[in-house]
Amino acid sequence: MARGIETKCLHLEEDEGCSNNYGAVSYPIYQTATYAHLGVGKSTGYDYSRLQNPTREHLEKVVAALENGVDALAFSTGMAAITLMMELFSPGDHLIVDADLYGGSIRLFRNVSEKNGITFSSIDCYKEDIESYINASTKAVYIETPTNPMMNVTDIEALGKVAKKHNLLLIVDNTFLSPYFQNPLDLGADIVVHSGTKYLGGHNDTLAGFLVTNREDISEKFRFLIKTTGSGLAPFDSWLILRGIKTLGIRMEKSQQNAAVIAEWLKKQNAVTNVIYPGLPTHPGYEIMKKQARGFGAMLTFQLESREFALAILEKVRMIKFAESLGGVETLITYPTTQTHADVPEEIRERNGITESTLRLSVGIEDVKDLLDELDKVFREIEGELHG
């Protein structure tokens with residue numbers, strides 16, 4: 001019988017009934033770089049922690065189970081994971097990528113991948129005809145859904161059918177929803193990307209990245225690349241992510257509950273010109289989200305009436321932190337123009353709808369009344385200062 005997602009966050013089925021590691025309930029941190037052998041050909045199964053480490057291996061099995069993949073690989077950061085993934089491609093290859101992506105991904109593609117001879121078509125995958133951009137050199141489609149920060153929603157299953165028809169890889173960054181709310185591999189994706197720093201870790205205290213696949217051939221390539229490039233996650237960080245995953249379900253549920261309340265509150269504010277949250281029935285991707293995900297997540301973006309109002313919010317928040325990143329237990333507010341998307345050319349930001357009055361909110365697990373009280377206080381103060 002298939003295990004529920006909450007149970008899979010806590011228990012690795014293959015370990016049940018065993019008393020390995022002296023029966024430790026919390027998987028141990030194997031803080032070692034190298035491993036001794038009894039003789040030639042008598043390995044313990046581990047040789048050197050760049051290749052593999054028991055703590056990292058356990059974490060990878062947990063994440064693979066959560067995403068229903070055959071393998072998961074843990075990296076030092078999300079960008080390290082994406083950088084290694086790009087080694088699947090060769091000079092002359094062409095990728096179709098979503099126009100609205102995390103700024104670090106755009107920076108990598110424009111400044112490293114293009115230098116290495118890979119070309120890109122950057123399009124709005126949620127609404128444009130993907131097939132019209134496919135050519136003889138096209139090897140993959142890379143998307144986020146929802147996107148960062150404009151929360152565009154792409155139909156993964158429909159896109160997966162197009163990718164399979166043309167023998168393309170479908171790569172989905174699933175960071176915003178986590179495997180608790182969405183499983184792209186089940187919908188036709190070949191590779192799932194995570195910044196484990198975010199919801200999987202959940203506490204803003206460590207960095208990590210993941211690649212998950214349901215294809216043995218891709219797993220084999222990734223395993224060769226990770227031992228060659230040396231970008232695997234360290235033992236202590238692996239343990240921190242393992243600890244975070246144990247509460248993934250309750251954190252996601254509480255954060256989402258808070259986000260829905262805050263989105264409704266923001267809609268009623270005169271200074272807010274647009275609230276972009278896929279859990280609102282007015283969001284164009286609402287029905288797709290209901291079909292392909294088990295929730296709407298806790299990320300939302302909103303536009304203010306002016307740059308001055310947006311900057312004033314960032315100056316005045318106290319409990320809510322003006323900080324980069326997302327997915328932790330604390331509520332964070334981000335200014336994409338100077339933070340997550342600072343290296344994205346202005347014309348691309350504006351095309352995607354990111355302006356100097358755009359703010360992104362990663363809603364945490366605080367008492368929602370306290371969050372609303374702070375937002376209300378901040379909004380009222382700014383309205384008084386700007387409008388008398």
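In summary, the side chains of Thr331 and Glu366 do present a donor paired with an acceptor at a separation below 3.5 Å, with no hydrogens or angles considered. Checking Tyr35 against Asn53 by side-chain atom types alone, a donor-acceptor pair falls below 3.5 Å. In the model, Ser255 has no side-chain atom that pairs as donor or acceptor with a side-chain atom of Arg251 under 3.5 Å. Of the N and O atoms on the side chains of Asn116 and Ser113, not one donor lies less than 3.5 Å from an acceptor on the other residue.
Considering CG of Leu101 and OG of Ser122, their distance stands at 6.5 Å, rounded to 0.5 Å. To the nearest 0.5 Å, atoms CE (Met252) and CG (Leu177) are separated by 6.5 Å.
Atom CG of Asn135 is surrounded by more than 12 heavy atoms from other residues, nucleotides or ligands within 6.0 Å. Within 6.0 Å of atom CZ in Arg50, more than 12 heavy atoms from other residues, nucleotides or ligands are found, so the atom counts as buried in its surroundings. Annotation for Lys227: atom NZ does not count as buried by contact number, only 12 or fewer foreign heavy atoms lying within 6.0 Å.
For the salt bridge (Lys or Arg N to Asp or Glu O under 4.0 Å) test, no residue two or more places apart in sequence or in another chain qualifies with Glu253. Taking the ring pair (Phe, Tyr, Trp, His ring centres under 6.0 Å) definition, one finds that Tyr126 meets it with nothing, sequence neighbours left out. A search for salt bridge (Lys or Arg N to Asp or Glu O under 4.0 Å) contacts involving Arg380 returns Asp376, Glu383, not counting sequence neighbours. Phe176 pairs by the ring pair (Phe, Tyr, Trp, His ring centres under 6.0 Å) definition with nothing, not counting sequence neighbours. His166 pairs by the side chain to side chain contact (heavy atoms under 4.5 Å, CB included) definition with Glu131, Ile134, Val162, Leu168, not counting sequence neighbours.
Within the 3.5 Å criterion, the main-chain N or O of Met319 finds a donor-acceptor partner in the side chain of Glu374. Side-chain N or O atoms of Arg294 include one that pairs as donor or acceptor with a backbone N or O of Pro179 at under 3.5 Å. A donor-acceptor pair under 3.5 Å is absent between the side-chain atoms of Asn174 and the main chain of His194, judged by distance alone. Listed for the His11 side chain is no donor-acceptor partner under 3.5 Å among the backbone atoms of Glu13. One N or O on the side chain of Gln256 and one on the backbone of Gly297 form a donor-acceptor pair closer than 3.5 Å.
The pair Lys161-Asp155 does not meet the salt-bridge criterion, since no charged nitrogen lies less than 4.0 angstrom from a carboxylate oxygen. A salt bridge links Arg56 with Glu60: at least one charged nitrogen is closer than 4.0 Å to a carboxylate oxygen. Salt bridge annotation for Glu381-Lys377: present, with a cationic side-chain nitrogen under 4.0 angstrom from a carboxylate oxygen. Under 4.0 Å is where a charged nitrogen must lie from a carboxylate oxygen, and between Asp217 and Arg215 at least one such pair does.
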**Study point:** Trace of the ring-ring contact (aromatic ring centres under 6.0 Å, His included) decision for Tyr277 with Phe302
**Key:** CA-CA 8 Å; Tyr277 177 61; Phe302 59 105; over 10 Å; no
Practice item. Starting from the C-alpha separation in whole Å, work towards a yes-or-no answer on side-chain contact (heavy atoms from CB on, under 4.5 Å) for Leu169 and Asp190. Key: CA-CA 6 Å; Leu169 294 178; Asp190 301 287; 4.0 Å; yes
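Residue pairs meeting the side-chain hydrogen bond (donor to acceptor under 3.5 Å, both in side chains) criterion with at least one partner in residues 69-82, sequence neighbours excluded, are Asp71-Ser219, Asp71-Arg223.
A distance below 6.0 Å separates the ring centres of Tyr142 and Phe109. Ring centers of Tyr286 and Phe296: under 6.0 Å apart, within the cut-off.
The aromatic rings of Tyr27 and Tyr30 lie tilted to each other, with the angle between the two planes from 30° to 60°.
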